[in-house]
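Just the heavy atoms: all of them, side chains too, but no hydrogens, waters or symmetry mates, feed the values below. We count residues from 1, following the sequence as given.
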Amino acid sequence: MASPIQSATRQVKPLLSLNQVEAKRRVFNLYKAWIRQIPYILQDYEIPKSDRNLKMKIREEFLKNAYVKDIRVIDMLVIKGQMELKEVVERWKNKGALMFYFKDTVEPKPTDFLSKFMSGNDP
């Protein structure tokens with residue numbers, strides 16, 4: 001008869017990586033793929049950002065998930081990052097969607113009627 005501790009733990013099938021080292025390698029490879037695409041992104045999308053701005057933003061997006069330790073979650077984030085990169089490379093994403101990453105995360109709330117009206121908030 002299995003003990004309660006043994007029955008509570010369950011082996012789950014990995015998505016891509018078998019261990020932490022392999023997952024880390026996949027993250028670095030995705031990061032390098034994004035960095036290699038910067039000149040093409042700037043050329044194709046004609047966004048008003050520099051090479052340095054894009055590198056910093058890509059680094060910031062990767063560092064948002066630096067705390068993640070679960071291999072399956074890391075693999076899922078890598079898959080999503082690969083899908084996002086493919087959308088950008090294939091130009092399935094428009095310029096506005098790409099510029100959304102550069103939007104300020106904290107916006108001041110409008111206080112007067114006209115500012116509320118222009119931002120789409122209810123008065």
What one should report as the nearest heavy-atom pair of Ala23 and Ser17 is CA-OG, 3.2 Å
| request: Using the rule that two of Ile, Leu, Val, Met, Phe, Trp, Tyr join whenever any of their side-chain heavy atoms come within less than 4.5 Å, decide whether Ile58 and Met56 are in one cluster. | output: no
Could you go through Arg26 and Ile74, starting from their C-alpha distance and side-chain angles, then the distance that decides it, and tell me whether this counts as side-chain contact (heavy atoms from CB on, under 4.5 Å)? CA-CA 9 Å; Arg26 289 182 192 280; Ile74 293 171; over 6 Å; no
Counting only N and O atoms by type, is there a donor-acceptor contact under 3.5 Å from the side chain of Lys95 to the main-chain atoms of Glu46?
yes
Rounded to the nearest 0.5 angstrom, the NZ-CE distance for Lys49 and Met99 is 4.5 Å
query = Around atom CZ of Arg91, are there more than 12 heavy atoms of other residues, nucleotides or ligands at under 6.0 Å?
reply = yes
Q.
Tell me whether Ile71 shares a hydrophobic cluster with Met76, the cluster being built from Ile, Leu, Val, Met, Phe, Trp, Tyr side chains joined at under 4.5 Å.
A. no
query: Should Val27 and Tyr67 be counted in the same cluster of Ile, Leu, Val, Met, Phe, Trp and Tyr side chains packed under 4.5 Å apart?
result: yes
Sequence neighbours left out, cut at 3.5 Å: what donor-acceptor pairs do the side chains of residues 30-44 make with other protein atoms?
none

Heavy-atom nearest pair, Leu18 first then Glu22, reads N-OE1, 3.3 Å
Kindly indicate, with the supporting measurements, whether the criterion side-chain contact (heavy atoms from CB on, under 4.5 Å) is fulfilled by Arg59 and Phe62. CA-CA 5 Å; Arg59 182 178 174 88; Phe62 272 81; 5.9 Å; no
One should read off an interatomic distance between Asn53 CG and Glu60 CD, to the nearest 0.5 angstrom, of 11.0 Å
For residues 75-90, the salt bridge (Lys or Arg N to Asp or Glu O under 4.0 Å) pairs (sequence neighbours left out) are Glu84-Lys93, Lys86-Glu90, Glu87-Lys93
- request: Dump the intermediate steps for side-chain contact (heavy atoms from CB on, under 4.5 Å) on Asn94 and Phe100, then the final yes or no.
  value: CA-CA 10 Å; Asn94 63 15; Phe100 185 75; over 6 Å; no
Can you check side-chain contact (heavy atoms from CB on, under 4.5 Å) on Ile47 and Leu54, steps first, answer last? CA-CA 10 Å; Ile47 58 175; Leu54 263 106; 3.7 Å; yes
